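In listed order, ligands and their atoms are each counted from 1. Bear in mind that the values here come from a model prediction, so they are computed numbers and not experimental data.
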Amino acid sequence: MSDKKIALVTGANKGIGFEIARQLAKQGNTVLLGARNEKKGEAATEKLRAENLDVRFLKLDVSNPETHESTRKYIEENFGKLDILVNNAGVSLDNQVPASQGTLEQWRGTFETNVFGTIALTQKLLPLIKKSEAGRIVNLSSILGSLKWSSDPASNIGTFAFCGTAYNASKAALNMFTVHLANELKDSPIKVNCCHPGWVKTDMGGENAPLTLEEGARTPVLLATLPEEGFTGRYVYLDEELPW
Ligand code: NAP
């Protein structure tokens, strides 16, 4: 049997997700490149296929449950299992908005993708991940989701200087989902972890970010390819454990 794995990366038409897709495909895996915009998703897929990588486009809008079902169906019919799910898609809608001023529209929009859509997609695909011999679920969180650091007066991440309350809260919620799912699945081969990718130069991270896409994809790819004896239920950046 081939040890080629089937991996799905959400929000992979650009940024960190695109690079995660590239790195996983470079390791010899079949990568399903999820994107909500067909044109952008197909263009990104073509780019990776031109590098001789086994990458296939899947139209997937994390906040649209209909595309969750079409994704599940495609994977079921073509592969019968899913080995790696990287929940990378994310939005930041309340950049530098103080907690007293964030609108419910910003909160709902942020949670719709970063939390509700991500949870619903994961639940939908879980039966297929359970069919894998070594399922891996990776959630792209952020250090901005750390309650410990947010409440530390010596840290500036608890202010609106970086992103906003809705974004940070969405990552804290995603962290809680990660821990609970990991605990629930602890007696199975599935490992569920979340990570901070670092501050990465992307449309979201901005021009001043110090890390390249290659560097930003490193932690999620490590978690996606953890060996059997690897950990589950952790919040990490490279080999550093982060405070919840
Ligand atoms: P990015 O460049 O803004 O890319 C975000 C990706 O998510 C895009 O492909 C976007 O698609 C997609 N997306 C957004 N909403 C979606 C939805 N409903 N369905 C499907 N795809 C959707 O951001 P990034 O910097 O690469 O961030 C990737 C992940 O890392 C995010 O979860 C982010 O919160 C996290 N993160 C980033 C940093 C950083 O410094 N960059 C730091 C910490 C954590 P469109 O092109 O269609 O908009």
Could an N or O of ligand 1 be found under 3.5 Å from any N or O of [X], whether backbone or side chain?
X: W199; result: no
X: H196; result: no
X: V200; result: yes

Is K171 touching ligand 1 with its side chain, its backbone, both, or neither, if touching means heavy atoms under 4.0 Å apart? side chain
Heavy atoms only: which of [options] lies closest to [atom]?
atom: atom 31 (C) of ligand 1; options: N88, L140, L144; answer: N88
atom: atom 35 (C) of ligand 1; options: G117, G17, S141, G109; answer: S141
atom: atom 2 (O) of ligand 1; options: V9, N13, T202; answer: T202

K124 and E69: CA distance, side-chain angles, deciding distance, salt bridge (Lys or Arg N to Asp or Glu O under 4.0 Å) verdict: CA-CA 7 Å; K124 173 71 81 176; E69 175 53 21; 3.0 Å; yes
With R36, which residues qualify under side-chain hydrogen bond (donor to acceptor under 3.5 Å, both in side chains), at least two apart? none
Among all protein heavy atoms, pick the one closest to atom 48 (O) of ligand 1 and tell me residue, atom and distance. R36 NH2, 2.8 Å
the protein heavy atom lying closest to atom 1 (P) of ligand 1 turns out to be K14 CE, 3.9 Å
Spell out, as yes or no, whether a donor-acceptor pair under 3.5 Å connects the side chain of N139 to the backbone of S141.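 No; judged by distance alone, with no hydrogens or angles, the pair does not exist.
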Does ligand 1 have any atom that is closer than 4.0 Å to a heavy atom of [X]?
X: G34; result: no
X: P197; result: yes
X: E112; result: no
X: F18; result: no
X: G198; result: yes

Quick check on contacts: which atoms of ligand 1 are under 4.0 angstrom from a heavy atom of [X]?
X: S142; answer: 43 (C), 44 (C)
X: L60; answer: 19 (N), 20 (C)
X: G15; answer: 2 (O), 26 (O)
X: M204; answer: 2 (O), 3 (O), 23 (O), 25 (O), 33 (C), 34 (O)
X: S63; answer: 18 (N)
X: V91; answer: 14 (C), 15 (N)

Could you pull out every donor-acceptor pair under 3.5 Å between side chains of residues 110-118 and any protein atom, sequence neighbours left out?
from, atom 1, to, atom 2, distance (Å)
T110, OG1, Q106, O, 2.6
N114, OD1, V91, N, 2.9
N114, ND2, V91, O, 2.9
N114, ND2, S170, OG, 3.1
T118, OG1, T113, O, 2.9
T118, OG1, N114, O, 3.4

Run the salt-bridge test on E207 and K201 with the 4.0 Å N-O cut-off and return the result as yes or no. no
Taking NZ, NE, NH1 and NH2 as the nitrogens, is one of them in R136 or D83 under 4.0 Å from a carboxylate oxygen of the other? no
Can a side-chain donor-acceptor contact be found between S63 and D61 if the only test is distance below 3.5 angstrom?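 Indeed, the side chains of D61 and S63 share at least one donor-acceptor pair under 3.5 Å.
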Pairwise distance OG(S132) to CG(L82) - rounded to 0.5 angstrom: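 Rounded to the nearest 0.5 Å, the OG-CG separation comes to 7.5 Å.
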Any heavy-atom pair between the side chains of R22 and L53 that's under 4.5 Å?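 Touching, per the 4.5 Å side-chain cut-off.
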